[in-house]
Visitor: 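Pasting a structure below so you can have a look.
Chain letters run A, B, ... following the sequence lines, proteins first, then strands; residues in each count from 1.
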Protein chains: 2
Amino acid sequence: MRHDELADVNCSVARTWAVVGDRWTMLVLREVFRGQRRFEPIAERLGIGRNVLAARLRSLTDEGVLERVAYDDVPVRHEYRLTPKGEDLYPLLVALIQWGDAHQVDTPPVTLAHRGCGGTPEVRLRCAECDDELTRRDVEATFASDAW
Amino acid sequence: MRHDELADVNCSVARTWAVVGDRWTMLVLREVFRGQRRFEPIAERLGIGRNVLAARLRSLTDEGVLERVAYDDVPVRHEYRLTPKGEDLYPLLVALIQWGDAHQVDTPPVTLAHRGCGGTPEVRLRCAECDDELTRRDVEATFASDAW
DNA sequence: CAGTATCCTCGAGGATACTG
DNA sequence: CAGTATCCTCGAGGATACTG
């Protein structure tokens, strides 16, 4: 299966992976969430090829994750902003940070804090009904007949 | 930057990505979380090359995400089980499902339910201190001086 | 500054045959 | 059944020069 065929499969993991599951996309998004919205600073910070970055920004824009907005007139320049669909990827990004903090680094390179209260933002799996915190053993999965 | 160089960078996102950020790893883990622990059924369901699957299982085992356990004697056979470090990836997997459900599919191919209560498991970003639900605008990030 | 256009490399992944 | 061994392809990504 080629990478782009993931988008055709009836699985939400695969379909999401078709959008973010390559070497650079999540790191580009990390920069955007961090407040970098422009081509040059992102390219420089990541050390990514310019053609590759251009391709990623285009595909994220096509997918509706980013929005390309003009910020200057002469010459016309654009910056990239998260759409609501893009903002919805924030828990995913924090989940990546959280797992890395717990298992892949000694001391966390980034510290997150809830503005005001100062507490630590955490991604947790909870039941929308009873609000219990859940592990995978508390969860039962039912697959649709046409699920991949 | 080659894929494996992600592991050397001082960023929890990149370090996590070094483990799960390729075409197949999260889909292999999806199968394991689903209860498939053996080579043959995973290979068949995913349609992944046997050499590729073997390589992924080995790297996940090396990283301590999976554990290779003998389940038969003659001939000796092994199955792959999630370690606690691997179980910690469950919120990440659910985050992928959740985003895909919301934005990439019409009807969710998999339905999750909290055993007993029947409610929907959800990944949410909350403050560990005050328990408020947070968006990225509520979060302030502070970078260590040596952060990538 | 924000890309596009080219060219190139290399390694991830596919396919298949084989083995204990 | 659970891999290993080989060979091969192709496309993602790197590098660099160029442009409005």
Visitor: In whole Å, I'd like the distance from the CD1 atom of A/I42 to the P atom of C/dC1.
Guide: 13 Å
Visitor: If you look at every heavy atom in A/G64 and A/T83, which pair is closest and at what distance?
Guide: O-OG1, 2.5 Å
Visitor: Under 3.5 Å, is there a donor on one side chain and an acceptor on the other for A/R23 and B/H3?
Guide: no
Visitor: What pairs of donor and acceptor atoms, side-chain ones from residues 46-55 of chain B against any protein atom, are under 3.5 angstrom apart with sequence neighbours left out?
Guide:
| unit_1 | atom_1 | unit_2 | atom_2 | d |
| --- | --- | --- | --- | --- |
| B/R50 | NH1 | B/E40 | OE2 | 3.1 |
| B/R50 | NH2 | B/E40 | OE1 | 3.3 |

Visitor: Using a strict cut-off of less than 4.0 Å between a Lys/Arg side-chain nitrogen and an Asp/Glu carboxylate oxygen, indicate whether A/R126 and B/D131 qualify as a salt bridge.
Guide: yes
Visitor: Choose from D/dG14, D/dC1, C/dG14 the nucleotide whose nearest atom is closest to any side-chain atom of A/V52.
Guide: D/dG14
Visitor: Nearest heavy atom decides the nucleotide; on that basis, is A/R68 or A/M1 closer to the 5' end of DNA chain C?
Guide: A/R68
Visitor: What is the distance, to the nearest angstrom, from the CD atom on A/E79 to the C1' atom on C/dG3?
Guide: 15 Å
Visitor: Provide, to the nearest angstrom, the distance between the CG atom belonging to A/L53 and the P atom belonging to C/dG3.
Guide: 8 Å
Visitor: Could you state the atom-to-atom distance from CD1 of A/I48 to C1' of C/dA2 in whole Å?
Guide: 14 Å
Visitor: When you compare the protein's N or O atoms with those of nucleotides 5-11 of chain D, which come within less than 3.5 Å of each other, and at what distance?
Guide:
| unit_1 | atom_1 | unit_2 | atom_2 | d |
| --- | --- | --- | --- | --- |
| D/dT6 | O4 | B/N51 | ND2 | 3.2 |

Visitor: Would you say B/Y71 places a side-chain N or O within less than 4.0 Å of OP1 or OP2 belonging to D/dA2?
Guide: yes
Visitor: For DNA chain D, please output the secondary structure as dot-bracket, reading 5' to 3'. Pairs are Watson-Crick or G-U wobble, both atom distances under 3.5 Å; mark crossing pairs with [ ], other-strand partners with |, unpaired with a dot.
Guide: ||||||||||||||||||||
Visitor: B/R58 CZ to D/dA2 C1': how many Å, rounded?
Guide: 12 Å
Visitor: Starting from the C-alpha separation in whole Å, work towards a yes-or-no answer on side-chain contact (heavy atoms from CB on, under 4.5 Å) for B/T16 and A/I97.
Guide: CA-CA 7 Å; B/T16 301; A/I97 295 173; over 6 Å; no
Visitor: Taking the side chain of A/Y80 as heavy atoms from C-beta outward, which of C/dG3, D/dG3, D/dG20 is closest to it?
Guide: C/dG3
Visitor: Give a yes or no on whether B/E133 atom CD has more than 12 heavy-atom contacts from other residues, nucleotides or ligands under 6.0 Å away.
Guide: yes
Visitor: Looking at A/E5, I want to see if its CD is surrounded by more than 12 non-hydrogen atoms of other residues, nucleotides or ligands under 6.0 Å.
Guide: yes
Visitor: Taking A/W99 for the side chain and B/K85 for the main chain, is one N or O donor matched with an acceptor at less than 3.5 Å?
Guide: yes
Visitor: Between B/R77 and B/E79, is there a side-chain N and carboxylate O pair less than 4.0 Å apart?
Guide: no
Visitor: Given atom CG of B/L57 and atom P of D/dG3, what is their separation to the nearest angstrom?
Guide: 7 Å
Visitor: Send over the distance from A/L60 CG to C/dG3 C1', rounded to a whole Å.
Guide: 16 Å
Visitor: How would you list, by chain and number, every residue that makes a side chain to side chain contact (heavy atoms under 4.5 Å, CB included) with A/D146, sequence neighbours excluded?
Guide: A/N10, A/A144
Visitor: Does a side chain donor of either B/D22 or B/T25 reach within less than 3.5 Å of an acceptor in the other side chain?
Guide: yes
Visitor: Please output the side-chain donor-acceptor pairs of residues 106-120 of chain B that fall under 3.5 Å, not counting sequence neighbours, one pair per line with the distance.
Guide:
| unit_1 | atom_1 | unit_2 | atom_2 | d |
| --- | --- | --- | --- | --- |
| B/R115 | NE | A/R137 | O | 3.0 |
| B/R115 | NH2 | A/V139 | O | 3.4 |

Visitor: Go through residues 13-41 of chain A and report each residue with a non-hydrogen atom lying under 4.0 Å from DNA chain C, sorted by number.
Guide: A/R38, A/F39, A/E40, A/P41
Visitor: Atom CZ of B/R45 to atom C1' of D/dC1: distance rounded to whole Å?
Guide: 19 Å
